[in-house]
Amino acid sequence: MFDESKVTRMSIPQWEAVYRAEIAPGVVSIIAVHDTSRGWALGGCRMTQYNNESEALTDVLRLSRGMTFKNAVAELPLGGGKSVIICDPKVEGRERETILQEFGKFVAWVNREGDRYYTAEDMNTTVPDMHIVHEHTKNIFGIIVDPSPWTAWGVFASIEFAVNYFAMDLFDGKRSLEGKKVLVQGLGKVGTSLLGYLHGAGAELFISDIRPENVERVLTNYPEATIIDPNNWESAEVDVFVPCARGEVVNRGNLDMIRYKIICGAANNQLQNSSIGKALQARGVVYCPDYIANMGGVCSIQYLEIEKLSEEQTRAKITRTIRKMLGLTFRTAFRNNLSFNKAVDFAVKKIIWGHEETNLSFSNQELFPLTFSTEPVD
Ligand code: NAD
């Protein structure tokens, strides 16, 4: 039984529902349902430590809103949500199992009156973890399909599209990836799969990771790859920079050093804030919005796990949607004199709510700190 006396509901303007529960002694989980206009919310569960609970709340709100936008731009019949479990992600054994079981009950409780939020694996949670969660809720995806290789495919399709689209401006009309210098930052699940596609397309590989063992592993497959110091990646002389490690990689501190022609990767929230997008554009750097480039993973869940399409159909649909949405973003930006990161928000708001927003702002600074109230659950 899930002890609902431990749940608090937070009323947050623009979010449909946000719940907080203590799911184990000292372990808090927050589930945020941002918007279900297009369908029930889908968004993974992160397990991580934060400096304080307010930081965790900010993270889950930002990520859940990002899922609304990503699912809409991917043309999926899904809304946006996300969950976090605030604890040491290295917790293991019986303790981990208990936390995951209680989290599963919490998800089931949020869906007690009908489907509104589906969870999945995310940062520091694994498919085996999700099988434990699944014992207590049916509201879960991503336990059959591994989304990471599909995310990698989407990033690759985005890079190919951007190189082709801007070939005249940036590459003397040379449209293929053959011989282009591409730096992949983060050699994890997505980065490693992506290298295979880039290698196959003839790109010159540059690699960077804070974990030397990951660099070594990649070098056994691609001995010709050039290693870039993870503390000094900004000065690498490459054509395309592919962030697949963490967010806010392009910020006020390193903006002046950025010389790449294209930035296109899987990491969420690659720009510190939306004004960075404008500054990049002023320098002639093409930024492919993160939530278009990394949509492949969530698309794979919808197409393979929910709609039961074949892998071939899935690959074709991801490629088609990415081309369409990047094209729409670039055109919207040129027509309205917007940076690409603002243009995609502009376009996607129209997709979700069907009207043009006059306020195009989308930075965390403009939305946070939030004012909200808490109340006991019904
Ligand atoms: P992962 O944890 O498997 O890999 C991340 C890699 O980045 C690790 O090898 C880590 O050592 C490295 N890293 C961390 N900090 C670094 C730094 N400062 N410099 C260089 N390397 C660093 O993660 P993943 O699943 O491959 O995802 C990569 C990124 O894409 C993450 O930001 C994730 O949130 C995002 N993303 C992933 C998916 C997916 O399907 N896996 C979907 C959407 C978005």
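Numbering of ligands and ligand atoms starts at 1, following listing order.
Residue K189 places at least one N or O, backbone or side chain, under 3.5 Å from an N or O of ligand 1. Annotation: G297 places no N or O atom under 3.5 Å from an N or O atom of ligand 1; distance criterion only.
For atom 4 (O) of ligand 1, the closest non-hydrogen atom on the protein side is G188 CA, 3.2 Å. Considering only non-hydrogen protein atoms, atom 14 (C) of ligand 1 sits nearest to I210 CD1, 3.6 Å. The nearest protein atom to atom 37 (C) of ligand 1, hydrogens excluded, is given as V190 CG2, 4.0 Å; this is a heavy-atom distance. Of the protein's non-hydrogen atoms, C244 O, 3.8 Å is the one closest to atom 5 (C) of ligand 1. Nearest protein heavy-atom contact of atom 11 (O) of ligand 1 is D209 OD1, 2.6 Å. Looking only at protein heavy atoms, the nearest one to atom 34 (O) of ligand 1 is N268 ND2, 3.5 Å. For atom 31 (C) of ligand 1, the closest non-hydrogen atom of the protein is A245 O, 3.7 Å. Shortest contact from atom 41 (N) of ligand 1 to any protein heavy atom: S148 OG, 3.0 Å.
In the model, Y118 has no side-chain atom that pairs as donor or acceptor with a side-chain atom of T137 under 3.5 Å. With 3.5 Å as the limit, one finds a donor-acceptor pair spanning the side chains of Q302 and E307.
Those atoms of ligand 1 that come under 4.0 Å of a heavy atom in R211, given as number and element, are 11 (O). Of all atoms in ligand 1, numbered sequentially from 1 with element shown, those under 4.0 Å from a heavy atom of Q185 are 20 (C). Near R246, the atoms of ligand 1 lying under 4.0 angstrom from a non-hydrogen atom of the residue are 18 (N). The distance from ligand 1 to the heavy atoms of G186 drops below 4.0 Å at these ligand atoms: 6 (C), 7 (O), 12 (C), 21 (N). For ligand 1, the atoms sitting less than 4.0 Å from at least one non-hydrogen atom of T151 are 38 (C), 39 (C), 40 (O), 42 (C), numbered in the order shown with element in parentheses. Every atom of ligand 1 with a heavy atom of A266 under 4.0 Å away is listed here by number and element: 30 (O), 35 (C), 36 (N), 44 (C).
Open room surrounds CE on M168; 12 or fewer heavy atoms of other groups in view lie less than 6.0 Å from it. The number of heavy atoms from other shown groups lying within 6.0 Å of CG (D172) does not exceed 12. The number of heavy-atom neighbours closer than 6.0 Å to NZ of K324, taken from other residues, nucleotides and ligands shown, is 12 or below.
Criterion: ILVMFWY side-chain heavy atoms under 4.5 Å apart, direct or through other members. Under it, L187 and W150 are part of a common hydrophobic cluster.
Between M47 and D122, every side-chain heavy-atom pair lies at or beyond the 4.5 Å cut-off.
Atom 22 (C) of ligand 1 lies below 4.0 Å from at least one non-hydrogen atom of the protein.
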Legend entry - Steps toward salt bridge (Lys or Arg N to Asp or Glu O under 4.0 Å) verdict (R20, E53): CA-CA 10 Å; R20 171 202 186 277; E53 216 177 293; 2.6 Å; yes
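No cation-pi contact links K181 to F206, judged by a cut-off of 6.0 Å to the six-membered ring centre and 45° from its axis. Cation-pi check for K317 over Y303 is met; the charged atom lies under 6.0 angstrom from the ring centroid and within 45 degrees of its normal.
With salt bridges taken as basic N to acidic carboxylate O contacts below 4.0 Å, none links E312 and R315.
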